[in-house]
Amino acid sequence: MKIRLRSFFHFDVAEVFDQGQVQLADDRPTLRDLLKEVTQRSDGKAQVIDPATGELDTEYFVLVNGRDLQCLELGLETELRDGDEVGIGMMHFWGGG
Amino acid sequence: MLTKEDLERYDRQIRYEGFGEEGQHKLKASHVVVAGAGGIGCPASTYLACAGVGKITIIDHQAVELSNLNRQILHWDKDIGQEKAVSAANKLRNLNPSIEIAPVTTQITGINARDLIKGASAVLDAMDNFETRAILNQACVTEGIPFVHGGVWGLCGQVTTIIPGKTPCLACLYPQKPEEHKPPPVFGVTPAMVAIIQVVETIKIIAGFGRLLAGQVLYINEGTMDFCFREAVRRPDCEVCGSRGDR
Ligand SMILES: [Zn+2]
């Protein structure tokens with residue numbers, strides 16, 4: 001199963017995977033599985049899952065095929081399908097001066 | 001009334017269907033507050049001036065430094081040490097002498113914010129920190145003035161348009177003070193791109209055409225050329241615009 005990643009913050013999450021596509025071994029992987037993989041492979045540069053709570057870090061947002069994680073009924077337990085596109089972004093850009 | 005010179009200066013945009021002389025007249029009668037004369041404020045005020053916004057107030061209490069010049073395009077080498085609001089106003093007056101430019105060198109605070117923006121058609125967020133944005137958001141919600149937010153970090157940026165009473169406000173989106181790393185890395189092109197989108201939003205608000213980034217946040221990543229929209233959700237318990245607000 002291949003998932004395409006898009007980055008909406010300063011760390012290019014796609015860069016740590018071949019051609020921006022994550023190969024997940026499990027045949028029914030969830031969004032949580034993917035984000036754990038991203039967190040691990042990014043060497044702490046994308047701490048998407050908060051290790052303390054096991055939930056999405058409050059600084060990040062996640063879009064699955066353009067839909068916000070907050071709008072997904074199963075949240076992090078949403079099952080991913082081959083060809084899905086997952087976008088990861090940070091909400092806080094306070095520069096401008 | 002548009003003068004003969006206005007009709008010639010703004011001819012190309014007056015030709016845009018849905019804008020026309022009426023739109024130009026609305027711009028001429030408008031007053032936009034640009035909060036900040038830095039990386040966002042310089043390109044933003046430049047394009048607002050070119051477009052013919054009748055009055056632009058540009059607020060900044062800082063002085064020009066050498067490290068500003070990679071992005072703050074209205075400040076030149078000779079301006080180092082000068083107040084940014086004054087430096088910007090001088091260039092804008094040369095760019096378009098037919099409009100009014102009002103530089104303000106006061107720091108925006110919770111005490112003076114409402115007075116500084118009172119009566120404006122829109123406030124364009126060109127700040128460099130969370131606190132002042134929060135102050136401006138509150139002042140705009142209280143005064144019922146559209147607030148066009150933009151922010152950057154590195155090659156990334158975000159833009160959203162806040163229409164008080166209609167859309168979520170900035171405090172709905174960011175109820176807690178985030179961690180800020182100062183000074184953030186930034187290329188000149190990123191605040192410029194964010195600023196131009198903010199200016200388009202401001203022009204549409206004033207002239208009343210097109211569709212706005214209202215109720216959604218546009219995220220851009222120039223490093224990867226990824227762009228997305230994210231829905232902005234209003235918090236009923238928002239301390240600024242919700243039931244816990246002081247409106
Ligand atoms: Zn709010």
Side-chain angles (χ1 to χ4, degrees), chain A residues 3-22 31 34-35 38 41-42 44-48 50-53 55-73 75 78 84-97, chain B residues 35-42 44 60 62 68 71-72 84 125-133 149-159 173-186 190-191 194-195 198 217-221 223-233:
Chain A
I3 309 294
R4 190 175 127 74
L5 284 175
R6 298 182 77 196
S7 171
F8 304 108
F9 69 119
H10 54 272
F11 177 66
D12 185 4
V13 284
E15 210 173 55
V16 296
F17 299 99
D18 186 34
Q19 295 179 337
Q21 296 197 330
V22 189
L31 189 54
L34 172 79
L35 298 179
V38 168
R41 296 272 294 266
S42 64
K45 286 176 190 148
Q47 192 83 36
V48 191
D50 182 342
T53 63
E55 296 303 312
L56 185 73
D57 187 291
T58 53
E59 292 223 311
Y60 289 89
F61 67 87
V62 170
L63 305 173
V64 179
N65 300 321
R67 283 193 73 205
D68 200 301
L69 169 64
Q70 290 177 344
C71 307
L72 299 176
E73 215 174 300
T78 302
D84 276 352
E85 183 181 274
V86 174
I88 301 171
M90 274 185 113
M91 293 193 273
H92 305 139
F93 305 126
W94 298 115
Chain B
I40 288 178
C42 286
D60 203 304
Q62 293 178 327
N68 300 149
R71 63 197 184 282
Q72 302 183 9
K84 287 185 188 178
D125 169 15
M127 296 313 304
D128 63 355
N129 66 86
F130 177 81
E131 285 92 340
T132 321
R133 285 183 164 102
H149 161 66
V152 298
W153 200 98
L155 284 166
C156 295
Q158 63 191 26
V159 186
L173 297 171
Y174 311 105
Q176 289 156 355
K177 185 184 181 305
E179 208 180 312
E180 288 184 88
H181 306 278
K182 282 185 162 185
V186 63
T190 311
V194 163
Q198 289 175 271
V217 187
L218 168 67
Y219 288 90
I220 61 175
N221 182 349
T224 59
M225 284 304 171
D226 282 313
F227 295 72
C228 76
F229 296 97
R230 186 166 173 262
E231 193 190 345
V233 182

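Not measured: the values here are computed from a predicted model. Lettering follows sequence order; numbering is per chain, from 1.
- For the options B/G38, B/G154, B/A37, B/P184, heavy-atom pairs under 4.5 Å to chain A are most numerous at B/G38.
- Under the 30°/60° scheme for interplanar angles, the aromatic rings of A/Y60 and A/F9 are found to stand perpendicular.
- In this structure, the portion of B/Y174 lying under 4.5 Å from any heavy atom of chain A is its side chain and not its backbone.
- For B/Q158, the parts lying near chain A are the backbone and the side chain together; criterion is any non-hydrogen pair under 4.5 Å.
- Residues satisfying the ring-ring contact (aromatic ring centres under 6.0 Å, His included) criterion with B/Y219, sequence neighbours excluded, are A/F61.
- A/D68 is linked by a salt bridge (charged side-chain N to carboxylate O under 4.0 Å, His left out) to B/R230, counting only residues two or more places apart in sequence or in another chain.
- Taking the side chain as every heavy atom from C-beta outward, A/H10 and A/K45 never approach each other to under 4.5 Å.
- Of all the listed residues (B/V152, B/N129, B/N68), the one sharing the greatest number of non-hydrogen pairs under 4.5 Å with chain A is B/V152.
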